[in-house]
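Accompanying notes for the structure given below.
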There are 2 protein chains.
Amino acid sequence: MQEQLKLDNQLCFRLYTASRLITQAYHPLLEEIGLTYPQYLVMMVLWEQDNMPVNDIAKRLYLETNTVTPLLKRMEAEGFIARRKGEKDARQVIVSLTPKGRKLEGKASCVPYQMGQAVACRSITEKTAPELFRTLDDLIGTLSK
Amino acid sequence: MQEQLKLDNQLCFRLYTASRLITQAYHPLLEEIGLTYPQYLVMMVLWEQDNMPVNDIAKRLYLETNTVTPLLKRMEAEGFIARRKGEKDARQVIVSLTPKGRKLEGKASCVPYQMGQAVACRSITEKTAPELFRTLDDLIGTLSK
DNA sequence: TACCTTTGTATCGCAAACGATATAAATAAC
DNA sequence: GTTATTTATATCGTTTGCGATACAAAGGTA
């Protein structure tokens, strides 16, 4: 058995698992406000900056448009967002918040705190978090090129 | 705009993105040997310990059996593994490597090294990796309870 | 103007993930 | 020994994620 092929020696498996378990932890919180985790990400993008083309949302989330488009259609069907043709560039589809979508920001405001409680553990503290953030940002930067 | 609701302040989004980008980086390597990333994880489990019940594989990967069962069926259809009823406990399904599946370990032996190259970045070194591993293990431990 | 290339979205198909639920075998309770 | 409960898998339906591809609008180029 090659040492490198062992699951316990793999960074990737840890990230994959941590990501999935965190999404699961979000589930009950986001269910309350009627969002899935990827939909919550889209809403965070729009709360920061409304009226964005599909492409910009996709880039911000490191997703492809073929993932984002169906996501947005479901969110439109739920009444959280609206989609309209771009005026300058008719190829673009501009995504904007509906009143319902804007109002959701208030309801979601407690989610980060509640998640903070859920992921609270010895290894992640005020002191160590910035280092972890830098490492992940570096990794994401490397892989997204 | 609430500071905590910003994407850039979220650990979860970083993990989610890093995980996805790593899986994408695996894709061309695993395509060579005919596996998807989750299938590769299952193979790593079996290369370490053959003849495992579905449940044990699922637990090892922190997945549910309703995810693993279809995965295993596809891998069985590809001829990498075999599934048989447990002798002692007729409810169990024991998963074992086929000769083709065992032979794959040799072909996969270069994958960890190649992935190491792909994720190589300033922040992840011989020195910092153990710390990162501990942090993620702690997080996974906390969330999986 | 006509043609070519690029860009922005969308469609299609397949493989995860996972909640909810079903089923059968094993075990416990009575 | 029958009934109830637990346990091990599996089925179903929905949402992601993404490679491959299609298509129309925009921007060159001849």
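This one's a predicted model, so the numbers in the text were calculated from it and none came from an experiment. Letters A, B, ... are given to chains in the order of the sequence lines, protein chains preceding strands, and every chain is numbered from 1.
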Subject >> Contact under 4.0 Å: B:Gln24 side-chain N or O vs D:dC18 OP1/OP2 >> reply: yes
Original post:
Does the pair A:Lys6/A:Glu3 count as a salt bridge with the N-to-O cut at 4.0 Å?
Top reply: yes
Subject >> B:Tyr16 OH - C:dA16 P separation (whole Å) >> reply: 17 Å
Original post:
5'-most contact on DNA chain D: A:Glu78 or A:Glu87, nearest heavy atom basis?
Top reply: A:Glu78
Subject >> Side chain proximity check, B:Val95 to B:Asp50, heavy atoms < 4.5 angstrom >> reply: no
Original post:
Could you give the CD-to-P distance, from A:Gln92 to D:dG27, as a whole number of Å?
Top reply: 10 Å
**OP:** Mind listing the closest non-hydrogen atom pair of A:Pro112 and A:Ala108 along with its distance?
**Re:** CD-O, 3.3 Å
Close N/O contacts between protein and nucleotides 20-23 of chain D (under 3.5 Å):
| unit_1 | atom_1 | unit_2 | atom_2 | d |
| --- | --- | --- | --- | --- |
| D:dA20 | N6 | A:Asn66 | ND2 | 3.0 |

**OP:** Indicate, yes or no, whether a donor-acceptor pair under 3.5 Å links the base of D:dT9 to the side chain of B:Arg91.
**Re:** no
**OP:** Report the distance from atom NE2 of B:His27 to atom P of C:dA16, rounded to the nearest whole Å.
**Re:** 10 Å
**OP:** Measure from CD1 on A:Ile81 to C1' on C:dT9 and round the result to the nearest Å.
**Re:** 14 Å
Subject >> Short side-chain N/O contact to D:dA10 OP1/OP2 from B:Arg83, under 4.0 Å >> reply: yes
**OP:** May I have the distance from B:Asp89 (atom CG) to D:dT6 (atom C1'), rounded to whole angstrom?
**Re:** 12 Å
Original post:
B:Ile94 and B:Gly86: which non-hydrogen atoms are nearest, and at how many Å?
Top reply: CG1-CA, 3.7 Å
Subject >> Of residues 68-76 of chain B, the positions that come close to DNA chain D - non-hydrogen atoms, cut-off under 4.0 Å >> reply: B:Thr69, B:Lys73
Original post:
Under 4.0 Å between a Lys/Arg side-chain N and an Asp/Glu carboxylate O for B:Arg14 and A:Asp138?
Top reply: no
Original post:
Can any side-chain N or O of B:Gln4 pair as donor or acceptor with the backbone N or O of A:Ser109 at less than 3.5 Å?
Top reply: no
Original post:
Do you know which two heavy atoms are closest between B:Ile33 and B:Phe80, and how far apart they sit?
Top reply: O-CZ, 3.9 Å
Original post:
Should A:Arg20 be listed as having a side-chain N or O under 4.0 Å from OP1 or OP2 of D:dT16?
Top reply: no
Original post:
NA contact type, B:Thr36, heavy-atom cut-off 4.0 Å: base, sugar-phosphate, or nothing?
Top reply: sugar-phosphate
Original post:
Atom CG of A:Leu21 to atom P of C:dA17: distance rounded to whole Å?
Top reply: 12 Å
**OP:** Only pairs at least two apart or in different chains count here, so list each side chain to side chain donor-acceptor pair (under 3.5 Å) that has a residue in residues 91-101 of chain B.
**Re:** B:Asp89-B:Arg91
Subject >> Closest-nucleotide ordering on DNA chain C, the 5'-leading residue of B:Tyr37 and B:Lys85 >> reply: B:Tyr37
**OP:** Could you name each residue pair satisfying side chain to side chain donor-acceptor pair (under 3.5 Å) that touches residues 17-39 of chain A, not counting sequence neighbours?
**Re:** A:Tyr26-B:Gln10
Subject >> Rounded distance in Å - OH (A:Tyr26) to C1' (D:dT15) >> reply: 18 Å
**OP:** Take atom CZ of B:Arg84 and atom C1' of D:dT9, then tell me their distance rounded to the nearest Å.
**Re:** 16 Å
**OP:** List in numerical order all residues of residues 39-64 of chain A for which some heavy atom is under 4.0 Å away from an atom belonging to DNA chain D.
**Re:** A:Gln39, A:Leu63
Subject >> Summary of side chain to side chain donor-acceptor pair (under 3.5 Å) pairs that have at least one residue in residues 64-86 of chain A, sequence neighbours excluded >> reply: A:Asn51-A:Arg84, A:Glu76-A:Arg83, A:Arg84-A:Glu87
Original post:
Judged by atom type as modelled, is there a donor-acceptor pair below 3.5 Å linking the side chain of B:Trp47 to the main-chain atoms of B:Leu97?
Top reply: no
**OP:** Say whether, by atom type as modelled, one donor and one acceptor occur between the side chain of A:Thr128 and the main chain of A:Ser123 under 3.5 angstrom.
**Re:** yes
